[in-house]
Amino acid sequence: FCLNRVFCFSTVLRQEMILSEEWKQTTAAFSVFLNSLDQIRESVEQKQNQFDERCSLLNTKIEDAKKCSTPSEAHKIVKLNIGGTKFHTSQETLLSVHESFFWCMLHSGGWKPDEETGEYFIDRSPIVFPLLLEAMRQQHQVPVEHLSKFKMGLLETDLDFYGLRDFWDKSWARPDFGWSYHTSTTGGIQFRNKQAT
């Protein structure tokens with residue numbers, strides 16, 4: 001009888017030890033699971049915050065675009081100081097070429113004109129800038145076949161700097177414009193009168 005009791009007791013003890021070990025393993029696994037949930041929650045919260053920030057920035061840009069699209073804002077005079085030479089134009093003209101240098105300048109909100117002069121200073125050569133400004137005003141190119149090689153080089157550089165390359169190239173394709181151009185084998189631009197071809 002005593003042996004049976006000892007055997008039963010040892011059996012129960014072994015079962016309790018097994019259950020205790022399984023409980024420890026289960027507790028450890030559950031702890032890992034909880035930690036994983038915390039990491040997932042933090043990741044979701046971080047992405048939610050980033051999404052909210054982007055939505056807020058997008059809404060700000062939309063509101064800025066609405067303001068710029070109103071007649072009073074569109075015809076607002078913008079003062080430019082290009083390498084020391086001053087130009088006056090409308091905000092509508094500068095916003096006419098989407099994602100250009102000037103479009104980004106006015107939409108970013110981070111670049112403010114000089115407090116004293118009210119001018120946007122741009123450290124570029126002003127030599128060919130009147131041509132670019134007139135092209136934006138008229139929404140097509142202006143004749144440039146009379147330019148020297150030096151000025152053509154400046155024009156090429158400024159087209160890329162101001163982000164007007166695509167606009168300029170598309171303008172030359174207009175059927176109502178009297179000049180066309182093609183890129184020579186040397187990489188320069190050559191001009192040709194459409195009426196003469």
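If you're wondering where the values come from, they're calculated on a predicted model, not measured in any experiment.
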Exercise for review: Output, in order, the C-alpha distance, side-chain angles, deciding distance and verdict of side-chain contact (heavy atoms from CB on, under 4.5 Å) for W103 and V97.
Suggested key: CA-CA 7 Å; W103 191 91; V97 182; over 6 Å; no
Exercise for review: Tell me, yes or no, whether the heavy-atom count around R54 atom CZ, taken from other residues, nucleotides or ligands under 6.0 Å, exceeds 12.
Suggested key: no
Check your understanding: Taking atom OG1 of T85 and atom CG of N81, what is their separation to the nearest 0.5 Å?
Key -> 7.5 Å
Exercise for review: Go through the side-chain N and O atoms of N49 and E45 and say whether any donor and acceptor fall under 3.5 Å apart.
Suggested key: no
Practice item. Just jot down the salt bridge (Lys or Arg N to Asp or Glu O under 4.0 Å) partners of D114, sequence neighbours excluded, or say none. Key: none
Point to revise | Minimum-distance pair of heavy atoms, taken over all atoms of S96 and M136 | key: OG-O, 3.6 Å
Review point. How far apart are the C-alpha atoms of E119 and K86, what are their side-chain angles, what is the distance that settles it, and do they pass the side-chain contact (heavy atoms from CB on, under 4.5 Å) test?
Key: CA-CA 8 Å; E119 299 170 350; K86 299 179 181 181; 3.0 Å; yes
Check your understanding: Same cluster or not: are F121 and V78 linked, directly or through other Ile, Leu, Val, Met, Phe, Trp or Tyr residues, by side-chain heavy atoms under 4.5 angstrom apart?
Key -> no
Review point. Do you know which two heavy atoms are closest between Y162 and S100, and how far apart they sit?
Key: O-CB, 3.6 Å
Point to revise | Heavy-atom closest pair, residues F102 and L94 | key: CB-O, 3.6 Å
Point to revise | S31 (side chain) donor-acceptor with T27 (main chain) under 3.5 angstrom | key: no
Review point. Between the side chain of T93 and the main-chain N/O of T89, is any donor-acceptor distance below 3.5 Å?
Key: no
**Study point:** Smallest separation among heavy atoms of A135 and W168, with atom names
**Key:** CB-CZ3, 3.8 Å
**Study point:** Selection residues 120-133 - residue pairs positive for side chain to side chain donor-acceptor pair (under 3.5 Å), sequence neighbours left out
**Key:** R124-D158
Review point. Rounded to the nearest 0.5 Å, how far apart are NE2 of H98 and SG of C104?
Key: 8.0 Å
Check your understanding: Looking at CZ of F101 and CG of L106, how far apart are the two atoms once the value is rounded to the nearest 0.5 Å?
Key -> 9.5 Å
**Study point:** Minimum heavy-atom distance H140-F167, with the two atoms named
**Key:** N-CZ, 4.3 Å
Point to revise | Distance in Å, L154 CG paired with I127 CD1, rounded so as to fall on 0.5 Å steps | key: 5.0 Å
Practice item. Say whether F30 and L37 are linked into one hydrophobic cluster, either directly or through other cluster members, by side-chain heavy-atom distances under 4.5 angstrom. Key: yes
Practice item. Supply the atom-to-atom distance N35 CG to I40 CD1, rounded to the nearest 0.5 angstrom. Key: 11.0 Å
**Study point:** Ionic contact status for E156 with R165, cut-off 4.0 Å
**Key:** yes
Check your understanding: With hydrophobic residues grouped by side-chain heavy-atom distances under 4.5 Å, do F33 and V44 end up in a single group?
Key -> no
Practice item. Could you tell me the separation between the NZ atom of K76 and the CG atom of L95, rounded to the nearest 0.5 Å? Key: 11.0 Å
Exercise for review: Kindly write out the residues that satisfy salt bridge (Lys or Arg N to Asp or Glu O under 4.0 Å) with E42, not counting sequence neighbours, or none if the list is empty.
Suggested key: none
Practice item. For R137 and H88, work out which heavy atoms get closest and say how close. Key: NH2-O, 3.1 Å
